[in-house]
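Everything numeric in this text was worked out from a predicted model, so none of it was measured.
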Amino acid sequence: MGRKKLSGKKYSGLCESYFKQCREQGRHPSLPGLALAFGLDSREELDELAAGRGRAAKAARRAVTRVEEANVQSVYSKDTAQSAKFILQSGFGYGEKQGRKAREDIKVEIEQ
């Protein structure tokens, strides 16, 4: 990133302002919105910041986790569940469980 790096404290403050603004305006927080609040040009820049080291990266990772948590909580609301599920799958890597297959009943007919 070719921009001036901010301190972790500054990113934390920007994060708090962003979430406060979302609450006041009745909007759900998003990763692109968070990136813009941080003064970044894209979500990719946010990902790069969060992947780094130091306090700024830690503040960015915590902010991303807060956006994820807001979407997880939205799954529990009937009005927002489908949208939140989509966002979690596409933006946060959530997916359908790949564990055991559903049990299938077997029907056996015996002829005499």
Side-chain angles (χ1 to χ4, degrees):
M1 293 184 333
R3 63 181 70 246
K4 179 182 171 193
K5 293 201 176 206
L6 302 176
S7 69
K9 192 172 189 175
K10 181 68 174 173
Y11 280 116
S12 293
L14 291 171
C15 176
E16 291 305 319
S17 295
Y18 174 67
F19 280 96
K20 180 180 178 190
Q21 182 182 24
C22 286
R23 279 190 306 275
E24 289 173 351
Q25 295 178 356
R27 293 185 301 134
H28 281 83
S30 68
L31 293 180
L34 181 63
L36 292 171
F38 280 177
L40 305 173
D41 292 328
S42 67
R43 180 177 164 195
E44 288 77 20
E45 286 187 14
L46 177 63
D47 292 341
E48 289 175 19
L49 174 64
R53 298 174 66 125
R55 292 183 178 165
K58 184 177 179 179
R61 285 191 298 273
R62 182 167 175 76
V64 168
T65 302
R66 287 181 66 182
V67 171
E68 180 180 3
E69 168 62 8
N71 282 285
V72 167
Q73 291 305 315
S74 292
V75 169
Y76 296 103
S77 171
K78 184 178 180 181
D79 295 334
T80 57
Q82 287 301 97
S83 298
K85 182 179 175 183
F86 173 77
I87 290 168
L88 289 168
Q89 288 175 335
S90 63
F92 293 98
Y94 285 67
E96 299 296 324
K97 257 189 175 176
Q98 297 295 324
R100 297 172 14 198
K101 289 185 177 180
R103 191 181 115 205
E104 294 180 23
D105 292 331
I106 300 172
K107 183 177 179 181
V108 178
E109 293 183 22
I110 301 175
E111 292 183 24
Q112 291 187 357

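To the nearest 0.5 angstrom, Tyr18 atom OH is 3.5 Å from Cys22 atom SG.
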N/O donor-acceptor pairs under 3.5 Å from side chains in residues 26-39, not counting sequence neighbours:
from, atom 1, to, atom 2, distance (Å)
Arg27, NE, Gln25, OE1, 2.8
Arg27, NH2, Gln25, OE1, 3.4
His28, NE2, Ser74, OG, 3.0
Ser30, OG, Gly33, N, 3.0

Show every donor-acceptor pair shorter than 3.5 Å between a side-chain atom in residues 57-67 and any protein atom, with sequence neighbours excluded, or say none if there are none.
from, atom 1, to, atom 2, distance (Å)
Arg61, NH1, Ala50, O, 2.8
Arg61, NH1, Gly52, O, 3.2
Thr65, OG1, Arg61, O, 2.9
Arg66, NH1, Glu16, OE2, 2.5

Donor-acceptor list for residues 82-92 side chains, cut-off 3.5 Å, not counting sequence neighbours:
from, atom 1, to, atom 2, distance (Å)
Lys85, NZ, Glu96, OE2, 3.4
Gln89, NE2, Glu96, OE2, 3.2
Ser90, OG, Phe86, O, 2.9

Stepwise side chain to side chain contact (heavy atoms under 4.5 Å, CB included) check, Ser42 with Glu45: CA-CA 5 Å; Ser42 67; Glu45 286 187 14; 3.6 Å; yes
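Applying the salt bridge (charged side-chain N to carboxylate O under 4.0 Å, His left out) criterion to Lys10, with sequence neighbours excluded, gives no partner residue. The side-chain contact (heavy atoms from CB on, under 4.5 Å) check on Glu69 picks up Val72, Gln73, with sequence neighbours excluded.
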